[in-house]
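Small disclaimer: the values here were computed from a predicted structure and weren't measured. Chain letters run A, B, ... following the sequence lines, proteins first, then strands; residues in each count from 1.
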Amino acid sequence: MNVRVRIAPSPTGLVHVGNVRAALFNWMFARHHDGVFILRIDDTDRERSEQQYEDEIKEGFRWLGLDWDEGVDVGGEYGPYRQSDRMDRYREVVEQLVESGHAYYDDRSTEELESLRQKAQKEKLHPNFFIRRPARAATAGVVRFSVPQDASVEFEDAIRGEVRFGSEVIDDFVIYRSNGTPTYHLASTTDDLDHAITHVIRGEDLLSSTPKHILLSRAIGGAEPRYAHLPLIMGPDGKPLSKRHGPTSLKEFRDRGFLPEAFRNYLSLLGWSIDGDRTVFTTEEAVAAFDLSDVSKNPAVFDTAKLEWMNGEYIRALPESEFIERVRPHVVSGLGRELDSDEWAQFSEMAPVVQERTKFFSDAGQQVGFLFTDEVIYDEPSWAKVMEKEGVSDVLRVSSEKLAVLDRFDHDSVEAALRSMLEELEIGARKGLQPLRVAVTGSQVSPPLFESISVLGKDRTLNRLAYCVERIG
RNA sequence: GGCCCCGUCGUCCAGUGGUCUAGGACGCCGGCCUUUCAAGCCGGAAACGCCAGUUCGAACCUGGUCGGGGCUGCCA
């Protein structure tokens with residue numbers, strides 16, 4: 001069988017990572033089976049759909065490397081792939097369903113419907129138990145699907161196994177609005193059928209809607225897809241992610257300097273695992289191993305700390321030159337200005353030690369900020385803890401003397417000079433070097449000292465030491 | 001309320017009746033290394049929600065219970 005799967009986001013807001021994970025799993029499934037991955041845009045809700053959101057969705061998927069074989073922008077033989085371009089088709093399907101008796105017009109008022117719901121509540125029945133085809137036929141209003149009351153709907157979910165719904169709990173749901181637009185259920189089901197989707201892999205929030213989609217599929221006709229419902233992804237507070245809660249935008253992660261390959265790796269671990277003990281693996285390995293039956297049934301919490309660790313792993317694994325290239329735009333935007341070629345040379349010199357301690361690119365700029373400013377910002381807690389101690393001015397003074405006479409100012413000579421300072425003052429490295437670190441970088445946390453000083457250069461280093469001597473008084 | 005799904009360390013996963021005194025990863029704690037912070041290495045605390053049942057034997061099977069989540073819209 002030729003696998004055809006789709007991701008069908010609705011451009012009514014930012015894509016949260018739950019949808020992104022669903023996209024990733026669909027994509028991995030398609031690639032594993034040499035199938036087709038389709039990007040469809042579910043914009044039946046015209047009121048709330050916006051082009052800007054659609055653009056962001058596509059940008060995000062491209063960034064993550066989730067390339068689609070068919071769909072918006074790339075086309076395909078089953079197009080169009082945007083629901084707003086398929087309105088005629090939905091209308092046609094609705095007319096067929098009404099004609100064949102599978103659906104009916106309903107012009108009952110909201111009040112009427114509400115009282116039916118209340119009646120059901122009172123009798124402890126499904127709220128929509130009484131919302132069925134009324135005796136009085138209508139020719140306008142919404143169109144409802146007529147749910148056959150003699151059978152239950154059961155299906156084999158690829159992740160959850162057998163799931164069964166009694167038909168009495170499936171209401172006669174609306175498939176066509178009175179304003180002439182299809183609802184999600186109709187549009188999505190029609191599309192899946194028309195696009196010959198073989199596997200519908202989506203969030204668990206749609207599990208309860210699945211019997212409706214199955215019934216609709218049967219009424220419309222065509223090959224029913226298999227269903228697989230992914231567990232939801234929760235925020236740090238254990239509440240499900242939504243368009244206004246938790247990590248919502250892929251753009252945010254990209255801007256902070258997460259690597260798409262790391263993000264993919266982390267996301268693949270949310271509800272799936274490649275085996276018992278590996279957590280870092282390539283996308284190719286994931287694709288080769290991916291199987292829906294290995295997807296977990298329980299919800300997963302999105303853990304930023306683990307993502308950051310994962311990203312650090314990938315950053316450290318980068319060749320130095322690639323690290324420099326990829327971190328570059330983040331350094332620029334972090335600093336708020338371009339660097340000249342001398343400054344880039346300095347940055348490159350520091351790169352290896354920066355790369356080691358970078359969790360995401362945007363925090364790299366901060367590490368080297370002291371190199372590219374004449375006004376060092378002294379971190380107050382650092383100053384208080386390190387500089388307001390006995391003997392600090394001696395350390396700074398002697399260091400200045402030793403550094404001032406150096407001809408070469410490379411790592412080794414700086415180290416030798418400062419070691420001799422330590423000896424002269426009979427002070428340990430731990431105590432004796434911290435004041436220099438604060439004086440030169442502004443903080444008690446920084447890249448390694450000898451590198452920092454040698455890259456900063458003699459003049460600027462001596463200036464900073466002198467400034468601190470003065471400030472201490 | 002009704003229906004559906006889910007329930008292993010704080011978090012993400014492994015585990016599919018005996019090899020589990022439950023394994024890995026992140027995080028956390030301690031140590032080593034050490035010029036800080038990272039990284040690395042070593043060690044540690046930390047979980048089968050609960051109750052029955054099936055069985056010689058249950059994290060794994062069944063029932064119940066409790067807890068979490070979803071759906072219950074002319075949103076998707």
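With sequence neighbours excluded, no residue forms a salt bridge (Lys or Arg N to Asp or Glu O under 4.0 Å) with A/Arg21. With sequence neighbours excluded, no residue satisfies salt bridge (Lys or Arg N to Asp or Glu O under 4.0 Å) with A/Arg226. Taking A/Asp106 as the reference, A/Arg108, A/Arg144 meet the salt bridge (Lys or Arg N to Asp or Glu O under 4.0 Å) condition, with sequence neighbours excluded.
The interatomic distance linking A/Asn265 (CG) with B/rG24 (P) rounds to 20 Å, in whole Å. Summarising the geometry, the separation between CZ on A/Phe130 and C1' on B/rG2 is reported as 12 Å, rounded to the nearest angstrom. Rounded to an integer number of Å, the gap from A/Tyr53 OH to B/rA76 C1' is 15 Å. Between the CD atom of A/Glu308 and the P atom of B/rG27 there is a distance of 10 Å, given to the nearest Å. In this structure, the NE2 atom of A/His185 is 10 Å from the P atom of B/rG73, given to the nearest Å. Going from atom CD of A/Gln118 over to atom C1' of B/rG2 covers 15 Å, rounded to whole Å. When the C1' atom of B/rG73 is taken as reference, atom CZ of A/Phe145 falls 19 Å away, rounded to whole Å. In this structure, CE of A/Met310 is placed 13 Å from C1' of B/rG24, rounded to the nearest angstrom.
Across all strands shown, A/His229 has no heavy atoms under 4.0 Å from either base or sugar-phosphate atoms. Residue A/Pro127 is classed as a base contact, given a heavy-atom separation below 4.0 Å to a base. Among the atoms of the strands shown, none is found under 4.0 Å from any heavy atom of A/Thr210. Looking at heavy-atom distances under 4.0 Å, A/Ser208 makes contact with a base. Here A/Arg144 lies in heavy-atom contact (under 4.0 Å) with sugar-phosphate atoms only.
If you check B/rG1 for Watson-Crick or wobble pairing at under 3.5 angstrom, you find it paired to B/rU72. A 3.5 Å limit on both hydrogen-bonding distances identifies B/rG31 as the Watson-Crick or G-U partner of B/rC41. In a base pair of the Watson-Crick type (N1 to N3 plus N6-O4 or O6-N4) or a G-U wobble (N1-O2 and O6-N3), with each distance short of 3.5 Å, B/rG10 is matched with B/rC26. Across all strands shown, nothing is found opposite B/rC20 as a Watson-Crick or G-U wobble partner with both distances under 3.5 Å. Pairing of B/rC61, defined by two Watson-Crick or G-U wobble distances under 3.5 Å, is identified with B/rG53.
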Worked check of ring-ring contact (aromatic ring centres under 6.0 Å, His included) between A/Phe263 and A/Phe253: CA-CA 9 Å; A/Phe263 199 79; A/Phe253 290 101; 4.9 Å; yes
Run A/Tyr266 and A/Tyr314 through ring-ring contact (aromatic ring centres under 6.0 Å, His included) and show every step you take. CA-CA 11 Å; A/Tyr266 174 72; A/Tyr314 276 81; over 10 Å; no
Salt bridge (charged side-chain N to carboxylate O under 4.0 Å, His left out) evaluation trace for A/Arg278 with A/Glu285: CA-CA 11 Å; A/Arg278 271 194 306 164; A/Glu285 290 172 313; 3.2 Å; yes
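Of the candidate nucleotides B/rA25, B/rG27, B/rU72, B/rA25 has the atom nearest to the side chain of A/Thr279. The side chain of A/Leu232 has B/rG70 as its nearest neighbour among B/rC4, B/rG73, B/rG70. Candidate nucleotides B/rG69, B/rG24, B/rA76 were compared by shortest atom distance to the side chain of A/Asp277, and B/rG24 ranks first. Candidate nucleotides B/rA14, B/rC26, B/rG2 were compared by shortest atom distance to the side chain of A/His126, and B/rG2 ranks first. With B/rC74, B/rC12, B/rA76 as the candidates, the nucleotide lying closest to the side chain of A/Val142 is B/rC74. Taking the side chain of A/Leu206 as heavy atoms from C-beta on, and the options B/rG1, B/rC12, B/rA76, the nearest nucleotide is B/rA76.
Contact detail for A/Arg460 and A/Leu371: the closest heavy-atom pair is NH2-O, 2.7 Å. Residue A/Glu349 comes nearest to A/Ser454 through the heavy atom pair OE2-OG, 4.4 Å, listed as atom of the first residue, atom of the second, then distance. What you find for A/Val327 and A/Ala364 is that their closest heavy atoms are CG2-CB, 3.5 Å. Between A/Val142 and A/Ser178 the shortest heavy-atom distance is CG1-N, 3.9 Å.
Within residues 155-171 of chain A, the residues that have a heavy atom under 4.0 Å from RNA chain B are, in order of number, A/Arg160, A/Val163, A/Arg164, A/Phe165, A/Val169.
The ring pair (Phe, Tyr, Trp, His ring centres under 6.0 Å) analysis of residues 105-129 of chain A, with sequence neighbours excluded, yields no pairs.
The separation of B/rU8 from B/rC60, taken at their P atoms, amounts to 12 Å, rounded to a whole angstrom. Only the C1' atoms considered, B/rC5 is 24 Å distant from B/rG10, to the nearest whole Å. Look at the P atom in both B/rC4 and B/rA45: the space between them is 43 Å, to the nearest Å. Nucleotides B/rC61 and B/rG69 place their C1' atoms 25 Å apart, quoted to the nearest Å. Rounded to a whole angstrom, the distance from the P atom of B/rA46 to that of B/rA52 is 25 Å. Straight-line distance between the C1' atoms of B/rC12 and B/rC6: roughly 16 Å, to the nearest whole Å. The separation of B/rU11 from B/rC28, taken at their C1' atoms, amounts to 11 Å, rounded to a whole angstrom. As rounded to the nearest Å, B/rG27 and B/rG40 have P atoms that lie 9 Å from one another.
Within the structure, every side-chain polar atom (N or O) of A/Asn19 is placed at least 4.0 Å from both OP1 and OP2 of B/rA76. Between B/rC3 and A/Asn128, no contact under 4.0 Å exists linking OP1 or OP2 to a side-chain N or O. Contact annotation: A/Ser178 does not reach the phosphate of B/rC74 (side-chain N/O to OP1 or OP2, under 4.0 Å).
Judged by atom type and distance alone, A/Lys306 reaches the base of B/rC12 through a side-chain donor-acceptor pair under 3.5 Å.
With RNA chain B read from its 5' end, the first of the two nearest nucleotides for A/Pro231 and A/Ile131 is the one closest to A/Pro231. Across the interface with RNA chain B, nearest-nucleotide mapping of A/Thr110 and A/Lys124 shows A/Lys124 to be the residue nearer the 5′ end.
A donor-acceptor pair is defined here as one N or O able to donate and one able to accept, closer than 3.5 Å; such a pair exists between the side chain of A/Ser420 and the backbone of A/Ala417.
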What string of B, S and - do you get for nucleotides 33-40 of chain B, 5' to 3', when a contact is any protein heavy atom under 4.0 Å? -BBBBBSS
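Counting non-hydrogen atoms of other residues, nucleotides and ligands closer than 6.0 Å to CD of A/Glu426 gives a total of 12 or fewer.
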